[in-house]
Amino acid sequence: MIGFMQKISFFVLFFLSSMDIRSNNALSQAKKSIASGLATVRLAARIEAENLINAGTVAEKPGQEPYRGKIITVKNKLKNGTMVQETTIQRDQAPFELEYNPGHPSADPNGIVKKSNVRREVVMANLNQTNLQAMALKNVYDTLKSMDNHSIDLMKG
Amino acid sequence: MADSSLVLKMAQEKMKWLSHRQKMVAQNVMNARTPKYIPKDLISFKKTMQSRPMSVKLKRTRGDHIQGKVISQALDQNYKVIEDFRKEDLSPSGNGVVMEKELMKSGEIGLAHKQASVIIAEYLKLKKIAIHPKK
């Protein structure tokens with residue numbers, strides 16, 4: 001009888017090994033994509049936070065540039081068959097905000113002070129979207145995990 | 001029980017297809033803010049099964065030979081990818097991902113995967129009964 005059961009378990013193992021462990025390849029690729037997406041989202045949130053704390057700052061001395069906002073750009077790349085994201089950080093080329101404030105130590109001879117080109121409302125909107133995307137990625141990751149668990153439950157018999 | 005192996009194979013193919021579809025969803029969500037990204041999806045499971053190549057048949061040298069059952073081959077992960085978007089969903093940056101749609105798809109895929117795995121588990125149970133009824 002033990003031989004019988006062994007045969008059955010061999011059959012089950014063979015069946016499972018031919019079936020789902022290989023197909024998990026797609027699942028693990030999906031997980032890598034999700035991880036890459038989350039890394040991008042985290043970086044984007046950090047950049048937006050940097051922009052936010054530097055919004056409205058002025059240059060230290062007259063003639064110097066104030067803080068230029070940072071922009072994150074994303075490029076898709078195939079790495080071992082998995083789509084991952086490659087990020088680069090660039091500087092916002094938008095013109096600086098000018099304010100007439102002749103008494104300011106950073107003011108130029110015409111009394112104009114250059115302020116950072118970061119716009120708070122844009123940063124907040126971006127942050128909100130980043131947050132939503134992180135939540136969505138988490139949601140998809142949870143589904144991936146449950147799909148893995150279904151396969152493991154099959155192995156338990 | 002005659003067709004149980006066919007049902008098992010079908011469920012197995014479905015699980016594979018769902019894994020690949022979930023990969024597409026993951027990529028779409030990852031690129032939810034990438035400019036000019038068009039979301040992708042797989043063609044439906046039904047169409048995938050219809051379009052896959054059939055395996056080699058047994059050669060019949062006489063008309064009264066048994067015609068072996070044709071079991072189609074595994075797809076070998078060549079799933080057809082389509083672009084799944086509507087023009088009115090395109091954002092100003094040219095991105096076509098609709099997050100709600102992707103999350104709905106993700107949920108559906110999870111449920112269908114569970115369903116397929118339950119079918120496999122039940123059929124395996126039946127096989128065990130057939131092999132060893134007392135257990």
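Order of the sequence lines fixes the chain letters, A, B, ..., with proteins taken first and strands second; residue numbering starts at 1 for each chain.
When heavy atoms are compared at a cutoff of 4.5 Å, A/T130 approaches chain B by way of both its backbone and its side chain. Residue A/N76 touches chain B through its side chain alone, counting heavy-atom pairs closer than 4.5 Å.
Contact count versus chain B (heavy atoms, under 4.5 Å) is highest, among A/L137, A/N149, A/L132, A/D142, for A/L137. Here A/L144 is the residue among A/V74, A/T73, A/L144 with the most heavy-atom pairs under 4.5 Å with chain B. Ranked by heavy-atom pairs under 4.5 Å with chain A, the first of B/V118, B/L111, B/N31 is B/N31.
A/T143 and B/S106 are linked by a side-chain donor-acceptor pair at a separation below 3.5 angstrom, with hydrogens and angles left out of the test.
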I would like to know whether A/K70 and A/E50 meet salt bridge (charged side-chain N to carboxylate O under 4.0 Å, His left out); could you show each step before the answer?
-> CA-CA 8 Å; A/K70 286 178 183 170; A/E50 277 178 26; 2.6 Å; yes

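A salt bridge is absent between A/K145 and A/D148; no separation between the charged side-chain nitrogens and carboxylate oxygens falls under 4.0 Å. Between B/K105 and B/E108, none of the side-chain N atoms (NZ, or NE/NH1/NH2) sits under 4.0 Å from a carboxylate O, so this pair counts as no salt bridge.
Both cation-pi conditions hold for A/R91 and A/Y67: the charged atom is under 6.0 angstrom from the six-membered ring centre and inside a 45 degree cone around its axis.
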